[in-house]
Each structure stands twice: as C-alpha cells, then as structure tokens.
Amino acid sequence: MKVLKKVLVGLVILGMTFGVVGFNGGDVKAASPGVGYQAHVQDIGWQGLAANGGVAGTIGKSKRMEAISVFLLEVPMSASQGIQYSAHVQDIGWQSWKQNGAVAGTTGQLKRMEAIKISLFGNISKSYNIQYRAHVQDYGWLAWQSNGSIAGTTGKGKRLEAIQIQLVRK
C-alpha cells in the first residue's frame, strides 16, 4: 500500500509540474491547453521537455539549436487542428511546414537553426494565440513574436540558441 501511495503522489507531482492537473480547493481539475517542445542541441542531442514558456536550448554556452519538435498539451491534435512550424536552417533556408510533434530542422548534419515561424490552425486558433521568442547568437533574447511571424534571423549566419513558446488566450 505504501508503494502505491508513493506512486500516486509521484504522478500527481509530475502532473502538476507539467500542468496536466492542478488543485482547487482539494479537487483535481483538467489543465487549460498548453504547448510542449523539445530542442535538439549541438553536442547534447535531444533535451528534455520544455513547456508553457520554459526555455528549450541553451543560454551562454554558444551551442546551436539544430532541430525542434513542438506539440500542444491538453488539445486533441489532428490533420484539421494543431500547431505548425517551419525552421530556417543553415545552407537550406526555410523548410516546409511541420505539424504536431514532427521534427523541424536537422539532426546529424551539424547545421544551425537560424529562425522559426509557428502558428496554430483549426479550432484552437479561434481561442488562442501562439507566442514565441528566440535567443540568438550575439543578440540574446529577441522580441516576442506570434502567429507565424519570424523569430530569429535570416541571412546573417547567426545560430538560434534557445526558444520559449507559450499559448495565450485571445
């Protein structure tokens, strides 16, 4: 029984950490929609999950982000609803749009991501905006962008080092 109690407490703590459950007067409630993402970073590989404005990538280590996967939390994703994103990659330029957790950028090619565009589609886009900002080599954090605008740089040969992404209710 003690083991089961420890497992249940651990699951609740994990759920609260990632915004899956919350407490309101002792009742468990479903969390509002959110966004999760993982960065593939030079010399590190795939990092752990970042979510809801957390930092993916590195700051102050001069490491390039090479790829990213982005997905919605607490929102059913399908071909008609979800999140899409396009990466601008060294020597490639803008890649085609990726959706709902697919990998944008490259892995194993030693190429830097330089910029990204992110947007929502389907019903979720009626209630939420997607906001994101990039940490760029020699510039630091750039201004927040939203709904398909470019975060990062193109034509300057600067690496994207980190990113923050969040959903904001309209």
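Keep in mind the model is a prediction, meaning the values are calculated, not measured. Along the sequence shown, residues carry numbers from 1.
Met65 and Phe71 fall within a single hydrophobic cluster, where Ile, Leu, Val, Met, Phe, Trp and Tyr side chains are chained together by heavy-atom contacts under 4.5 Å. In the hydrophobic clustering of this structure, Val89 does not group with Ile150; members are Ile, Leu, Val, Met, Phe, Trp, Tyr whose side-chain heavy atoms approach within less than 4.5 Å, directly or through other members. Hydrophobic clustering (ILVMFWY, side-chain heavy atoms < 4.5 Å, transitive): Ile130 and Phe121 are in distinct clusters.
Every residue two or more places apart in sequence or in another chain that forms a side-chain hydrogen bond (donor to acceptor under 3.5 Å, both in side chains) with Lys158 is listed here: Asp138. Legend: residues meeting salt bridge (Lys or Arg N to Asp or Glu O under 4.0 Å) with Lys63, ordered by chain and number and at least two apart, are Asp43. Applying the ring pair (Phe, Tyr, Trp, His ring centres under 6.0 Å) criterion to Trp141, with sequence neighbours excluded, gives His135.
Of the inter-residue distances, the one linking His40 atom NE2 with Ser69 atom OG reads 12.0 Å to the nearest 0.5 angstrom. To the nearest 0.5 Å, atom OG of residue Ser86 and atom CD of residue Gln99 are 12.0 Å apart. Taking CD of Glu161 as the reference point, atom NZ of Lys61 lies at 11.5 Å (rounded to 0.5 Å). Annotation: the span from Arg64 atom CZ to Glu66 atom CD amounts to 4.5 Å, rounded to 0.5 Å.
Contact of the Ser127 side chain with the Arg169 side chain is registered, since non-hydrogen atoms from C-beta on lie closer than 4.5 Å. Contact of the Leu73 side chain with the Leu167 side chain is not registered, since no non-hydrogen atoms from C-beta on lie closer than 4.5 Å. Side-chain contact between Tyr128 and Leu120 is present, with at least one heavy-atom pair separated by less than 4.5 Å.
A donor-acceptor contact closer than 3.5 angstrom links the side chains of Gln84 and Ser119.
The shortest non-hydrogen separation linking Tyr85 to Ile118 is CB-CG1, 4.0 Å. The two residues Ala115 and Trp94 come nearest to each other via the heavy atoms CB-CH2, 3.9 Å. Here the closest non-hydrogen pair linking Trp97 and Lys117 is CZ3-O, 3.7 Å. For the pair Val35 and Ile83, the tightest heavy-atom approach, listed with the atom from each and the gap, is CG2-CD1, 4.0 Å. Contact detail for Ala134 and Gly152: the closest heavy-atom pair is CB-N, 3.9 Å. The two residues Tyr37 and Ile163 come nearest to each other via the heavy atoms CE1-O, 4.0 Å.
Within the structure, salt bridge (charged side-chain N to carboxylate O under 4.0 Å, His left out) pairs that include any residue of residues 94-108 do not occur (at least two apart or interchain). Sorted by first then second residue, the salt bridge (charged side-chain N to carboxylate O under 4.0 Å, His left out) pairs that include residues 126-136, not counting sequence neighbours, number zero.
Remark: side-chain polar atoms of Gln137 are paired, donor with acceptor, to backbone N or O of Arg159 under 3.5 angstrom.
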In residues 44-51, what donor-acceptor pairs under 3.5 Å come from side-chain atoms, sequence neighbours left out?
residue	atom	partner	partner atom	Å
Gln47	OE1	Gly57	N	2.6
Gln47	NE2	Gly57	O	3.1

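For the side-chain contact (heavy atoms from CB on, under 4.5 Å) with His88, the qualifying choice from Gln95, Met113, Arg112, Glu114 is Glu114, the only one to do so.
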